[in-house]
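Comments concern the structure below.
Residue numbers count from 1 along this sequence.
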Amino acid sequence: MSGQACDPDKGCWLLSNCEQNDINYTCVHDPILELTLYTGFVYSLIPIFLGIGILGGLGTGMIKRPILNLMLNYPASIATQVGDCFLFVTTTLNSLLLIFEKHPDHPELPLINFDISIIFNQTIPLAWSVGAFLQQRIPQFAIYLFQLCFMLGAIPFLWKFTHSQKQLEIDKRDKKVLIIEKIKTKEDMANETSLDEKELKQYEKFYINDHKKIQIKNLCFIFGSFIVNQTIVLMRSNKFNNSIIGIDACTLENNLVLILILCANFIYTTLVYWNKRNEEFYKDLVQYRPDFRYFTPKKTFWFYYLGGCLAGFSTGFIGMGGGLIMVSILLHKQIIAREAAATAAFGTFMIALNSLIQLFLQKTISTGQMFTFFGLGIIGLIVITKPAYILMNKFKVGYVVLIVDIISVTNNVIAIIALMIINSTLYGFEIMLDYHQHC
C-alpha cells in the first residue's frame with residue numbers, strides 16, 4: 001500500500017519502504033517496472049496468468065489480487081490502471097481470435113454465440129455502473145469478504161461442470177452421444193418440407209447470416225449499446241474522473257445520471273428485443289433451427305438478461321467475477337464449454353472498452369509503462385491462449401477451460417486471504433474497515 005500510514009518497526013509489504021515525511025511514516029513503493037531478480041520472476045508469471053484467465057473466459061481480473069496486489073504490492077490506482085491495460089489488449093485481440101474460431105460441433109458456425117452476447121451487453125454497462133457506485137461506498141474489508149465468498153461458492157459449481165463436460169466430450173468421441181444434426185440447407189428444406197419459394201429464400205437468409213464469421217447486424221446492436229450507455233456514464237463524476245459535462249461529484253444531479261442510464265438502457269433494450277423477437281418469429285415460420293431461441297419465450301430472454309446484469313454488477317462492485325458468472329450461466333443452459341468460454345470472453349469486450357476510456361481519464365503511469373503492460377498481455381495471448389485453442393480443437397478437450405478456471409479461482413482465494421492477513425498484521429485490521437468518503 002503506497003501512501004499508507006505505517007509503523008517503522010513493522011515496515012511495509014513487498015517492494016515498499018516505511019519512510020518518514022513531515023507528518024508521519026508512510027509506505028513508499030519502489031518505482032513501477034524496476035527490474036530485480038524478484039520482480040523479473042513475477043513479470044514472467046504475468047503472461048502465464050493472463051493466458052490462463054483469457055482461455056477460461058474469466059478475463060484479466062483474475063490476476064489483480066494474486067499478482068498486482070499481493071506479489072507486486074502495487075498501489076490501488078496503479079493496479080487498476082495496469083489491470084485496464086491487460087484487460088483491453090488481451091480482450092480485444094482474443095475477441096478477434098475467437099471470431100474466426102470454429103465451433104467444435106458445427107465447424108461451419110462461429111464459436112461465439114452472438115445472440116446471447118447481444119443480451120449480455122444490453123445490461124452489463126448499466127449493472128457495472130450501479131456496482132461501481134456501491135463499491136465506492138463500502139470499506140475494503142467488505143470487498144475482500146464479498147470476493148472471497150463469491151470465489152469459494154464458484155469452485156463447487158465449476159468442479160461439477162468440469163466432470164459433466166468431460167464425460168459429454170468422451171461420449172461424443174465414443175459415439176455414445178450424437179452431435180446435433182447438421183444444419184439443413186435451403187435445398188434440404190425444399191425436399192423435406194412444404195415451404196414456398198418466399199419462405200425458402202427467408203430460410204436461406206438466416207442460414208447465410210448464421211454462417212458468417214462477422215455478423216454486422218448483431219455487432220451493431222452490441223456496439224450501439226456500448227455507445228449509448230458509455231456516453232451517459234461519462235456524464236457522471238466519481239473519485240477517479242470528472243464529468244464530461246461538468247457535473248460535480250457531490251450533487252444530486254450526479255446521482256440522477258444513473259436514472260438517465262436506466263431510462264436510455266430500457267429504451268435501447270426494448271428496440272433490440274422487439275427486433276430480435278420478430279426475427280425469431282420468422283425463424284419459427286420457416287422452421288430454421290427451432291431449438292435455438294434466445295429472445296422467445298420471454299423467460300429465456302430474462303434469464304440471460306439477468307445473468308448479464310449479475311455479471312456487470314459483480315465486475316463493478318467487487319472488480320471481478322463477470323466472466324465466471326457468464327460461463328456458469330451458459331453451462332447451466334447446456335451450452336458446451338468452448339462456446340460458453342468464448343461467448344463470455346466476447347461479453348467482456350465492452351467492459352474492456354470501458355476500461356480503456358477509464359485508463360486514459362485516470363492515467364498516471366507513463367506511456368512507456370502502458371505499452372510494456374500491453375506487451376505482456378500480447379505475449380500471454382500468443383504463447384498461452386492461442387496454442388491452447390489449437391490443442392483443444394485438435395484433441396477435442398474443451399472441458400480444459402473449466403480446469404483452468406478452477407485454478408484461477410483458487411489462486412484468487414489464496415491471494416485474498418493472504419492480503420487480509422498481511423494488511424491487518426502490518427497496518428491494523430481497522431484500516432480495512434475505514435470508509436473514505438470522496439465528497
Side-chain angles (χ1 to χ4, degrees), residues 56-59 103 105 109-131 150 153-154 156-158 160-162 164-165 168 180 210 215 218 221-222 224-226 229 261-262 265-284 288-318 320-351 398 401-402 405:
L58 303 187
H103 195 284
D105 292 346
L109 292 181
L111 181 59
I112 299 169
N113 190 314
F114 286 102
D115 284 321
I116 295 177
S117 289
I118 288 174
I119 301 175
F120 279 159
N121 281 288
Q122 298 311 305
T123 182
I124 284 176
L126 171 64
W128 181 91
S129 298
V130 175
F150 178 83
F157 288 100
L158 288 173
K160 174 187 174 183
F161 287 134
T162 300
S164 61
Q165 285 290 314
L168 177 61
I180 299 173
D210 276 7
Q215 300 179 6
N218 289 334
F221 281 142
I222 293 171
S225 175
F226 171 79
N229 286 282
I261 298 173
L262 181 63
N265 186 275
F266 174 78
I267 294 171
Y268 188 84
T269 300
T270 300
L271 293 174
V272 172
Y273 171 77
W274 282 105
N275 182 283
K276 297 296 289 185
R277 186 176 183 273
N278 289 337
E279 180 182 296
E280 291 189 349
F281 169 78
Y282 286 107
K283 284 183 177 180
D284 289 337
Y288 182 79
R289 303 188 76 191
D291 295 330
F292 294 84
R293 299 291 180 266
Y294 306 101
F295 293 82
T296 54
K298 289 182 180 179
K299 66 179 182 180
T300 301
F301 169 79
W302 281 109
F303 177 82
Y304 290 117
Y305 187 86
L306 293 175
C309 186
L310 187 59
F313 180 81
S314 172
T315 304
F317 187 57
I318 62 174
M320 61 174 60
L324 182 59
I325 290 172
M326 286 187 280
V327 168
S328 300
I329 286 170
L330 297 177
L331 291 173
H332 177 75
K333 295 294 283 187
Q334 307 301 313
I335 291 175
I336 63 171
R338 284 283 284 117
E339 182 180 348
T343 303
F346 189 75
T348 61
F349 180 55
M350 295 301 108
I351 299 176
V401 299
L402 300 178
D405 283 350

Side chain to side chain contact (heavy atoms under 4.5 Å, CB included) evaluation trace for Phe295 with Thr300: CA-CA 6 Å; Phe295 293 82; Thr300 301; over 6 Å; no
Are Tyr288 and Asp210 side-chain neighbours, meaning at least one heavy-atom pair lies under 4.5 Å? yes
Specify the closest pair of heavy atoms between Thr123 and Gly308, including all atoms of both residues, with the distance to one decimal. CG2-C, 3.3 Å
Counting only N and O atoms by type, is there a donor-acceptor contact under 3.5 Å from the side chain of Asn278 to the main-chain atoms of Trp274? yes
Just so I know, are the side chains of Asp115 and Arg293 near enough to count as touching, which here means a heavy-atom distance under 4.5 Å? no
Counting C-beta onward and ignoring hydrogens, is there a side-chain heavy-atom pair between Leu402 and Asp405 closer than 4.5 Å? yes
Value rounded to 0.5 Å, distance of CD1 in Ile124 from CG in Leu126: 11.0 Å
If we count only N and O atoms by modelled type, under 3.5 Å, do the side chains of Asn113 and Tyr294 hold a donor and an acceptor together? yes
Side-chain contact test, heavy atoms from C-beta onward, threshold under 4.5 Å: evaluate it for Ile335 versus Thr343 and give yes or no. no
How many angstroms lie between CZ in Phe157 and NE2 in His332, if you round to the nearest 0.5 Å? 10.0 Å
For the student: nearest non-hydrogen atoms of Leu324 and Ala154, plus distance: CD2-CB, 3.4 Å
Pairwise distance CZ(Arg289) to CG(Leu109) - rounded to 0.5 angstrom: 5.5 Å
Mind running side chain to side chain contact (heavy atoms under 4.5 Å, CB included) on Phe292 and Glu280 for me, showing each step along the way? CA-CA 9 Å; Phe292 294 84; Glu280 291 189 349; over 6 Å; no
Residue pair Met326, Ile329: steps toward the side chain to side chain contact (heavy atoms under 4.5 Å, CB included) verdict: CA-CA 5 Å; Met326 286 187 280; Ile329 286 170; 5.7 Å; no
Interatomic distance, Ile119 atom CD1 to Cys309 atom SG [nearest 0.5 angstrom]: 13.5 Å
pair Lys276-Asn218: side-chain heavy atoms closer than 4.5 Å: yes
Ion pair Glu279/Lys283, N-O distance below 4.0 Å: yes
Would a line drawn from the ring center of Phe114 to the ring center of Phe346 be shorter than 6.0 Å? yes
Any salt bridge (Lys or Arg N to Asp or Glu O under 4.0 Å) involving residues 324-335? Give me the pairs, sequence neighbours left out, ordered by first then second residue. none
Any non-hydrogen side-chain atom of Ile318 less than 4.5 Å from a side-chain atom of Phe150? yes
Answer yes or no: is there a donor N or O on one side and an acceptor on the other, between the side chain of Asn121 and the main chain of Ser117, under 3.5 Å? yes
Report the relative orientation of the aromatic rings in Trp302 and Tyr305; use parallel for angles under 30°, tilted for 30 to 60°, perpendicular for over 60°. perpendicular
Between Thr270 (side chain only) and Phe266 (backbone N and O only), is there a donor and an acceptor less than 3.5 Å apart? yes
Could you tell me if the side chain of Phe301 sits less than 4.5 Å from the side chain of Thr296, heavy atoms only? no
Is a donor on one side and an acceptor on the other found under 3.5 Å between the side chain of Gln122 and the backbone of Ile118? yes
Can you say whether the rings of Phe120 and Tyr304 are parallel (under 30°), tilted (30 to 60°) or perpendicular (over 60°)? perpendicular
Residues Gly323 and Ala344: closest non-hydrogen pair is O-CB, 4.0 Å
Tell me, do Val327 and Leu331 make a side-chain contact under 4.5 Å, heavy atoms counted? yes
Nearest heavy-atom neighbours spanning Gly322 and Ser314: N-OG, 4.1 Å
